[in-house]
There are 2 protein chains.
Amino acid sequence: MARRNDHTPDELRAMALAAAREIAAAEGLRGLAVRRVAEKIGYAPGTLYNLFDSLDALILALNGETLARLGMELVRAAEGNPAGRAAALVDAYFDFVERQPLLWSVIFEHRMPGEGDLPAWYSEGLSGLIDGTVAALAPVLGDWPEEDRRPAVVAMWAALHGLSMLAVSGKLALVSDAPPRSLGHLVVNRVIGGG
Amino acid sequence: MARRNDHTPDELRAMALAAAREIAAAEGLRGLAVRRVAEKIGYAPGTLYNLFDSLDALILALNGETLARLGMELVRAAEGNPAGRAAALVDAYFDFVERQPLLWSVIFEHRMPGEGDLPAWYSEGLSGLIDGTVAALAPVLGDWPEEDRRPAVVAMWAALHGLSMLAVSGKLALVSDAPPRSLGHLVVNRVIGGG
DNA sequence: AGCCGATATTGAACGGCGTTCAAAACAGTG
DNA sequence: CACTGTTTTGAACGCCGTTCAATATCGGCT
């Protein structure tokens, strides 16, 4: 058995990530197993270790894709008129989360083992998301001093993450009947303005 | 082998939770295994299933304890003068998280399997935490309308959870050099005032 | 065409996991 | 002392991530 050459390594990686995304969207992190992904793309488990260092690396790549997709939708949402941009971002964020809550939850539930630092590309992806938001919200932020903007945007993102995480895990509904989205608008309104 | 009667079931439960807490504090959710807990308390794995329905139930109980401990510290922190209460709560929160970050991260990383709803005692514990905060912050909230208070407090908690989660998983440091605590003060300041 | 070195792919194997359950060991009662 | 009822055990099951020697296929060479 070898060298089927049906697909290039890049194709295989894409196939594996697509399969992993399907499983994650349907069953969350618990169902995401090497053997399941391998079976879904028609290869043996060992093959995945030619494409990724470990299951953790695969999941990290999946989360990177998920964040990139969110980024795309946010960019599109920020194209409207500047006044309503913060609110549009919040709505796009919750639209995205509500569309595939289990896939989204993988971002929070997964942790690299040990002291494992996150790779550079992941860090850059996150920074890009923040920078994009700072730029998109520049009209809303108006006369804010330069050094106050990034912390506020970071805090805003963390708050939205907290809300979506609690919402997705069912814990938010235990303490609030208000929909997560409206709490998101509330927070962004207070932290940034115009949310 | 049986009926050693060394300990009552309640004692055993407490021992198991203590062992689980030690493991979680040292290694996070990944190291938290039935066999490890059992070995740590000097019993066979099967015995734990007389005390808890499943490992998930054990972890849920552990998280319940962790939240209760946080609650105790928050109550103590809110005893000071009303003006600085919001800030004191934020500091107590981050003190708690920073003392045992891996134990804290278990709260976010663990999810009940399937559609599994959370038990009533968990829900009540969470509600109690929120209600306590609403009451403690009553002086700060001043003339807020009654129906606006709870949503704001819930949003504040979610924001703090988001910050601590990103901080504990190492993702916050990737996009911000400001310490998590200061972002916490920022958010609470904006959402509640006086943070 | 036939061969060969290189390599992508396999699948069995290992240790560990959560969970179950029949058997066993004990405490308490009469 | 025997019997009952319960606690505790540990082997067993099916799953997991991961490794690696064996193997089947490819591209290039003669």
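Within every chain, numbering begins at 1; the chains are lettered A, B, ... in the order of the sequence lines, protein sequences first and strands thereafter.
Contact check on B:Glu73 versus B:Arg99 returns a salt bridge, with a Lys/Arg side-chain nitrogen under 4.0 Å from an Asp/Glu carboxylate oxygen. A salt bridge links A:Asp95 with A:Arg181: at least one charged nitrogen is closer than 4.0 Å to a carboxylate oxygen. Taking 4.0 Å as the cut-off between side-chain N and carboxylate O, A:Arg36 and A:Glu27 count as a salt-bridged pair. A salt bridge does not link A:Arg149 with A:Asp131: none of the charged nitrogens is closer than 4.0 Å to a carboxylate oxygen.
Relative to the side chain of A:Ala44, the nucleotides C:dT19, C:dG18, C:dG11 differ in distance, and C:dG11 lies closest. Comparing D:dG17, C:dT19, D:dT7 by their nearest atom to the side chain of B:Asn50 picks out D:dT7. Of all nucleotides listed (D:dT18, C:dG18, D:dC16), D:dT18 comes nearest to the side chain of A:Leu55. Closest approach to the A:Arg35 side chain among C:dG11, D:dC16, C:dG18 is made by D:dC16 (side chain taken as heavy atoms from C-beta onward). Taking only side-chain atoms of A:Tyr43, from C-beta outward, the nucleotide of D:dT8, D:dT18, C:dT10 with the closest atom is C:dT10. The side chain of B:Val34 has C:dT19 as its nearest neighbour among D:dT8, D:dT18, C:dT19. Each of C:dT9, C:dG18, C:dC17 was ranked by its minimum atom distance to the side chain of A:Thr47; first place goes to C:dT9.
In this structure, A:Leu51 reaches neither bases nor backbone, as no heavy-atom distance under 4.0 Å exists between it and the strands shown. Within 4.0 Å of B:Leu58, counting heavy atoms only, lies no atom of the nucleic acid at all.
Toward the 5' end of DNA chain C, the nearer of the two residues A:Gly42 and B:Pro45, judged by each one's closest nucleotide, is A:Gly42.
Atoms CZ (A:Arg30) and C1' (D:dC15) sit 14 Å apart, rounded to a whole Å. Distance A:Leu32 CG to D:dC15 C1': 15 Å, rounded to the nearest Å. The OH atom of A:Tyr49 sits 14 Å away from the C1' atom of C:dG11 (whole-angstrom rounding). Rounded to whole Å, atom P of D:dT7 lies 16 Å from atom CZ of B:Phe52. Spacing between atom NE2 of B:His7 and atom P of C:dA27 amounts to 14 Å, rounded to whole angstrom units. To the nearest angstrom, P of D:dC16 lies 13 Å from CG of A:Leu48. When the C1' atom of D:dT8 is taken as reference, atom CD1 of B:Ile41 falls 12 Å away, rounded to whole Å. The CG atom of A:Asp6 sits 9 Å away from the P atom of C:dT10 (whole-angstrom rounding).
Classified by interplanar angle (parallel below 30°, tilted 30° to 60°, perpendicular above 60°), the ring pair A:Phe108/A:Trp104 is perpendicular.
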